[in-house]
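Following: one structure in structure tokens, then a few remarks.
When a ligand or atom number is given, it counts from 1 through the structure's own listing order. Position 1 is the first residue of the sequence; numbering continues from there.
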Amino acid sequence: MQDPLIIAGREYGSRLLVGTGKYRDFAQTAEALDASGAEIVTVAIRRVNLGQNPDEPNLLDALPKGRYTLLPNTAGCYTADDAVRTLRLARELLDDHRLVKLEVLGDPTSLFPHVTETLKAAETLVKEGFDVMVYTSDDPIVARQLEDIGCCAIMPLASLIGSGMGILNPWNLQLILEQSKVPVLVDAGVGTASDAAIAMELGCQGVLMNTAIAGAQDPIRMAHAMRLGVQAGREAYLAGRMPKKLYHGSPSSPSAGLITSCK
Ligand SMILES: CC(=O)[C@@H](O)[C@H](O)COP(=O)(O)O
């Protein structure tokens, strides 16, 4: 695999991770996931039926068997205890599954991460053997603490979950990227493909999103656009952008040996 994303020792070809919520139905979810090219997909354990309710449609029946790495997440949890309990349940439901997304929210209006509860939950989960990809604020100090605890990926927000406001603080993301030894993925707040491209151009290892795809007029087409945005941003990052020349132009063609007389 060329240029794989490596999370907890496993290689992935796609750097776009997507959520499974907010779609019209499971059929549309499956089609959007396919168009996105994602290999890792999040499932909100408290909201999506993965077999907890045997009488309801099960998301897993709508997805091709074995194609996706499921990333159980703790959407809707506001305390460390709730998050830990939710992921223990996920581990039981999904046959000793270890890779999880930890998300502990501070309040239902902003959905901003509750960083102290997140740190507490991360400590417990890492001790219990989970591979923890953690949603957090774009605070570099907290990001470093989460890495020190042993999280396998740091996922700072671009902006508020579901807001589509794009990357509000590229400077903080840059600080997190410079210090981190584990993958940094932007999570939440992406609005359109250029946001995803900018995250990748900054040097993020990947992007996680849900609403920008599920909430688009044409989710399937947007899923494809996001796939291209992430790929384009990664290519541009690896290519290395030209140095910025501020406040003066530079001709595109050489100025030496100009043909001067045109009669
Ligand atoms: C899918 C998931 O894990 C969400 O909790 C995530 O934070 C996505 O946010 P957006 O919906 O803003 O992309």
Side-chain angles (χ1 to χ4, degrees), residues 7 14-24 26 28-30 32-33 36 38-48 50 59 63 68-78 82-83 86-87 90 97 99-115 117-118 121-122 125 131-138 143 146 151-169 173 183-200 204 206-216 219 222-223 225-227 229-230:
I7 304 276
S14 169
R15 291 174 180 275
L16 173 58
L17 287 68
V18 296
T20 48
K22 297 185 176 170
Y23 289 96
R24 192 181 55 222
F26 284 164
Q28 191 185 55
T29 312
L33 263 45
S36 75
E39 292 169 27
I40 302 178
V41 301
T42 66
V43 279
I45 292 298
R46 301 178 92 188
R47 297 198 179 120
V48 177
L50 300 176
L59 172 68
L63 303 180
Y68 299 108
T69 296
L70 296 183
L71 185 63
N73 81 25
T74 58
C77 291
Y78 290 85
D82 252 7
T86 301
L87 292 177
H97 188 91
L99 185 67
V100 294
K101 175 185 160 183
L102 171 63
E103 162 178 321
V104 187
L105 304 176
D107 73 62
T109 309
S110 70
L111 303 180
F112 212 76
H114 192 314
V115 292
E117 290 295 299
T118 302
L125 292 166
D131 293 320
V132 181
M133 301 179 73
V134 61
Y135 169 65
T136 184
S137 65
D138 58 10
L146 288 165
C151 293
C152 67
I154 306 298
M155 303 204 289
L157 47 69
S159 49
L160 304 181
I161 293 177
S163 70
M165 288 191 294
I167 297 175
L168 296 186
N169 197 335
L173 289 179
V184 175
L185 293 87
V186 152
D187 176 10
V190 165
T192 188
S194 55
D195 299 331
I198 289 169
M200 297 307 292
C204 289
V207 181
L208 197 166
M209 66 179 74
N210 189 165
T211 313
I213 297 176
M222 186 56 90
M226 291 298 186
R227 176 185 194 154
V230 167

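Taking atom 2 (C) of ligand 1 as the reference point, the nearest protein heavy-atom neighbour is K101 NZ, 3.5 Å. Of the protein's non-hydrogen atoms, the one nearest atom 5 (O) of ligand 1 is E103 OE1, 2.9 Å. At the top of the distance list for atom 11 (O) of ligand 1, counting protein heavy atoms only, stands T211 OG1, 2.4 Å.
Residue contact annotation: A212 has no non-hydrogen atom under 4.0 Å from ligand 1.
Heavy atoms of N210 found under 4.0 angstrom from ligand 1 belong to the backbone as well as the side chain. Only the side chain of N73 comes within contact range of ligand 1, with a heavy atom under 4.0 Å; no backbone atom does. In A75, neither the side chain nor the backbone holds a heavy atom less than 4.0 Å from any atom of ligand 1. Looking at D187 against ligand 1, only its side chain comes within 4.0 Å, counting heavy atoms.
For ligand 1, the atoms lying closer than 4.0 Å to a non-hydrogen atom of G189 are 10 (P), 12 (O). For ligand 1 and G19, the ligand atoms under 4.0 Å from any heavy atom of the residue are 1 (C). The G162 neighbourhood of ligand 1 comprises atoms 10 (P), 11 (O), 12 (O), with distances under 4.0 Å to a heavy atom of that residue. Atom numbering of ligand 1 starts at 1 in the shown order; those under 4.0 Å from a heavy atom of I161 are 7 (O), 9 (O), 12 (O). Numbered from 1 in the order shown, with element, the atoms of ligand 1 that lie under 4.0 Å from a heavy atom of M209 read 13 (O).
In terms of polar-atom proximity, defined here as any N/O pair under 3.5 Å, S163 makes no such contact with ligand 1.
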